[in-house]
Amino acid sequence: MDVVHPEAFRALLQGIGIIAGVTHVAFCALFFWAHVAPLAYVNIASVLSYVWVFELARRGHVARAWAVTVLEVLGHAILAVSVIGWDTGFHYYILLVIPVAVISTIRPVILKAITVVGVMMSYLALDIVLRHREPPSALPAVFIDGLHYFNVVGVMIILIFLAGYYYYLIDKATKALRDMALSDPLTQLRNRRAITEMIRREESRLRRGQHHLSFILCDLDHFKVINDSKGHDAGDEVLKVVSKTLASCMRDVDFVARWGGEEFLAVLPDTDPEGAKLVAERIRRKVENQVIDVAGIGEPLKVTMTLGVATLRPGEGAEQAIIRADAALYEGKHQGRNRVAFASFALNS
């Protein structure tokens, strides 16, 4: 998987268009002030080029925007150092093309490699030919020094921008991968792995103080009938709607996850048995009253849910409490479904 998504590279090119455009506006003013009108007009052309880059990128023409950027950087740097000398430092901008080319989303990869090698060879050729040559336009030494340090600082700022943006992309990609690993792709709820990690953290917190931790195991009634009679698309829609209903019943400190199939697990920190019963009954009523519209099947669907509730007992682990909630859920199914069942102190009581 690419670290830089095509959309992210498009945004990067827009950022480059803005930064480079502003930089060349400053160069225009500088060269007009130094009475080097030809280079001032060149920088006006560069400003227009970066306006074009921004607009191309905005419209999604990423390859063309990148091509214009590379050509402008190379052309402008070669012309500047040819006319006013190597010491002005305009050649440094050529080096900035290399890291951007490496992280670019341009395909095929061979085109990326050709761009990188071409830029490297252009820079080396420019160095060999122009580094020791006297420029045809002699400018005051103080102006040359000013340009040199302006360009050095400008390159540093652009490098900081590129590095910061690349770090942002890496961090965003890492978070996206973690979210994918810990989320159920259908319902967008946390998956079993994610909620297991959260339960472990809550258990650790409980060991440091006197708190309650309750579990509600929820199971849709007759879900297989929906899949068999209405189709799996209808079943998926039911799961999505019920997931949103469950999430709407949770506080900010609560967790809810798809536990497996049509089963869901809600974890309620700092909630005693009575509080857990109230939450479970609220869930049951909201699911029962939910009308689910599924395209292509005619009449809306209505579903019910059976819930098993257990609160962690002293000296008990979360796994044992969830097993008790599952036993209560099983008992609720046998008692007629669409109800809240409460776990006993122990499985054999």
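Keep in mind it's a predicted model, so treat the numbers as computed, not measured.
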Give every residue pair that meets the side chain to side chain donor-acceptor pair (under 3.5 Å) criterion with at least one member in residues 152-163, sequence neighbours excluded.
-> none

Distance-only donor-acceptor hits, side chain of residues 173-181, under 3.5 Å, sequence neighbours excluded:
unit_1: T174; atom_1: OG1; unit_2: I170; atom_2: O; d: 2.8
unit_1: K175; atom_1: NZ; unit_2: D171; atom_2: OD2; d: 3.2
unit_1: R178; atom_1: NH2; unit_2: E197; atom_2: OE1; d: 3.4

F161-Y166 aromatic ring centre distance below 6.0 Å = no

Set of residues satisfying side chain to side chain donor-acceptor pair (under 3.5 Å) with respect to Q188, sequence neighbours excluded | none

Establish, from distance only, whether the side-chain atoms of E288 and T304 form a donor-acceptor pair under 3.5 Å.
-> no

Side chain to side chain donor-acceptor pair (under 3.5 Å) contacts touching residues 144-157 (sequence neighbours left out) = Y93-N151

Who passes salt bridge (charged side-chain N to carboxylate O under 4.0 Å, His left out) against R131, sequence neighbours left out?
-> D127

Which pairs pass salt bridge (Lys or Arg N to Asp or Glu O under 4.0 Å) with one or both residues in residues 228-243, sequence neighbours excluded?
-> K224-D228

By side chain to side chain donor-acceptor pair (under 3.5 Å), which residues pair with S229, not counting sequence neighbours?
-> none

How long is the span from the CZ atom in R337 to the CG atom in L220, to the nearest 0.5 Å?
-> 11.5 Å

Going by distance alone, is a donor N or O of one side chain under 3.5 Å from an acceptor N or O of the other, for S46 and E72?
-> yes

Taking side chain to side chain donor-acceptor pair (under 3.5 Å) as the test, write out the residues that go with H91, two or more places apart.
-> W86, Y123

Mind checking what makes side chain to side chain donor-acceptor pair (under 3.5 Å) contact with K277, not counting sequence neighbours?
-> E274

So side chain to side chain donor-acceptor pair (under 3.5 Å) across residues 257-268, not counting sequence neighbours, yields D184-R258

For a quick test of your reading: what N or O donor-acceptor pairs under 3.5 Å do the side chains of residues 37-44 make, sequence neighbours left out?
unit_1: N43; atom_1: OD1; unit_2: H24; atom_2: ND1; d: 2.8
unit_1: N43; atom_1: OD1; unit_2: H76; atom_2: NE2; d: 3.0
unit_1: N43; atom_1: ND2; unit_2: L39; atom_2: O; d: 2.7

What residues, two or more places apart in sequence or in another chain, satisfy salt bridge (charged side-chain N to carboxylate O under 4.0 Å, His left out) together with R201?
-> none

